Engineer: 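Pasting a structure here, questions to come.
Only a predicted model underlies this, so the values are computations on that prediction, with no experimental measurement involved. As the structure lists them, so they are numbered: ligands from 1, and atoms in each ligand from 1.
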Amino acid sequence: MDHFLYRDGMLHAEDVPVADIAAAVGTPFYVYSTATLLRHFQLFDDALSWTDHLVCFAMKSLSNQAVLRVLAQAGAGMDVVSQGEYLRAKAAGVPGDRIVFSGVGKTAEEMRTALEGGIRQFNVESEPEMERLDQVARSLGCVAPITIRVNPDVDAKTHAKIATGKSENKFGIPISRAREVYAMAARLPGLRVIGIDVHIGSQLTELAPFEAAYKKVAELTEQLRADGHEISRLDLGGGLGIPYTRSNEAPPVPTDYGALIQRTVGHLGCEIEIEPGRLISGNAGLMVAKVIYVKSGEDRDFLILDGAMNDLIRPAMYEAWHDIVPVIEPQPGVEPTKYDIVGPVCESGDTFAKGREMPRLKPDDLVAFRSAGAYGAVMSSEYNSRLMIPEVLVHGDHLAVIRRRPTYEDMIARDTVPEWLA
Ligand SMILES: *Cc1c(COP(=O)(O)O)cnc(C)c1O
């Protein structure tokens with residue numbers, strides 16, 4: 001459920017007509033709904049209310065400061081994967097003891113920044129990383145709290161680019177070697193082992209892979225405890241999928257996911273962390289674009305938009321489907337037509353949808369890409385020297401630009417020309 005609905009024939013973001021936002025900031029743009037962000041966070045928080053827990057928002061899915069503040073003020077922690085994300089989370093007012101640091105390639109500088117600024121835990125992904133972190137922590141005279149990310153070798157049954165829990169993926173240490181690696185961690189004085197971490201992939205639309213992974217984590221917890229390790233916290237990752245279209249079956253909901261967690265690891269008495277990204281931010285955002293031209297091809301019509309793959313790369317990168325809806329509600333009974341919906345970027349990959357059924361549109365009409373909050377703005381670029389598009393947050397009938405559109409001068413001024421070319 002989200003808060004982007006037609007009212008009086010006009011698509012609204014909460015109580016704000018989307019067309020009014022377009023008039024205020026121009027197109028294309030992203031708009032996020034505060035109520036939807038909070039609702040989704042709350043679903044996870046409630047689903048774990050049976051135990052000590054922290055829901056850490058995977059901020060790589062949507063990292064605008066304003067969004068982080070909405071979630072942090074509701075009690076969310078943050079899952080960060082870089083120094084930039086760590087510093088953004090801190091700038092948004094998230095205390096260090098609610099930030100977990102994930103990622104396979106943390107540098108010594110990133111470790112130092114997090115240890116000095118405060119960190120809940122590092123999710124360590126390899127032995128060399130463990131040694132590096134031990135050195136950095138000792139050089140600062142502190143001890144780094146860690147979990148070790150295990151790779152449970154389960155098939156997440158998702159797109160290959162976002163599956164992370166098979167043995168061929170670069171993530172975590174093989175669960176078969178976990179006891180050996182935990183023993184090594186226990187010998188390093190700069191580290192304090194507190195738990196286990198697992199994250200098997202993104203956009204999972206079934207619970208079975210989570211169940212398989214969490215059962216392996218439960219077994220490992222008991223083995224590691226028997227080996228004498230303190231395992232008091234389980235970080236179970238993110239990855240719960242969202243419906244990208246209203247017509248297909250609904251993926252599992254946080255309530256069922258929470259129940260699954262209770263069933264598989266609840267008996268261990270561990271504090272539970274989860275790291276959902278997409279399910280919190282995905283359906284909380286739209287990307288809105290304007291029709292520039294309707295072009296008739298030989299066997300199809302093209303809807304050419306002012307938004308492009310540089311603004312929303314998911315269709316080009318993951319063959320992702322986004323529902324694309326007109327901002328003015330289609331009249332019932334009007335015969336739809338089919339379009340290839342494309343952007344202006346100079347490659348054929350800049351195609352959002354092929355043969356998509358839509359009401360007949362004309363230049364200047366607005367369309368909204370649904371479910372664009374996650375992995376949308378954060379993956380955008382200036383490819384083709386197109387300006388990064390603005391982000392807007394709505395809250396009831398309030399609207400705020402939370403990232404302005406830069407100017408062409410801003411863009412050009414970022415390059416520097418060596419003096420011999422001046
Ligand atoms: C990407 C990622 C997440 C979030 O995944 P979603 O599918 O957005 O929920 C959580 N944890 C880690 C370690 C990740 O890399």
Engineer: What is the distance from atom OG1 of Thr351 to atom CE of Met309, rounded to the nearest 0.5 Å?
Structural biologist: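 Reported value, rounded in 0.5 Å steps: 9.0 Å.
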Engineer: Using a 4.0 angstrom limit on heavy atoms, which residues are close to ligand 1?
Structural biologist: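 Near ligand 1, by chain and number: Ala58, Lys60, Asp79, Ser102, Arg149, His199, Ser202, Gln203, Gly238, Gly239, Glu275, Pro276, Gly277, Arg278, Tyr375.
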Engineer: When the side chains of residues 198-210 are checked against the rest of the protein, which donor-acceptor pairs come out under 3.5 Å, sequence neighbours left out?
Structural biologist:
unit_1, atom_1, unit_2, atom_2, d
His199, ND1, Gly238, N, 3.0
Ser202, OG, Arg278, NH2, 2.8
Gln203, OE1, Ile242, N, 3.0
Gln203, NE2, Ile242, O, 3.0

Engineer: A cation-pi test, strictly: NZ or CZ of Arg356 under 6.0 Å from the centre of the six-membered ring of Trp321 and no more than 45 degrees from its axis. Yes or no?
Structural biologist: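 The answer is yes, since Arg356 meets both limits relative to Trp321.
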Engineer: Per the side-chain hydrogen bond (donor to acceptor under 3.5 Å, both in side chains) rule, what does the pair list look like for residues 68-79, sequence neighbours excluded?
Structural biologist: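 The answer is Asp79-Ser102.
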Engineer: Once you measure the plane-to-plane angle for His322 and Phe369, does it fall in the parallel (<30°), tilted (30-60°) or perpendicular (>60°) bin?
Structural biologist: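 The arrangement is perpendicular - the two ring planes meet at more than 60°.
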Engineer: Anything under 3.5 Å between a donor and an acceptor, one on a side chain of residues 186-194, the other on a protein residue two or more places apart or in another chain? List them.
Structural biologist:
unit_1, atom_1, unit_2, atom_2, d
Arg192, NH2, Glu230, OE1, 3.3
Arg192, NH2, Glu230, OE2, 3.4

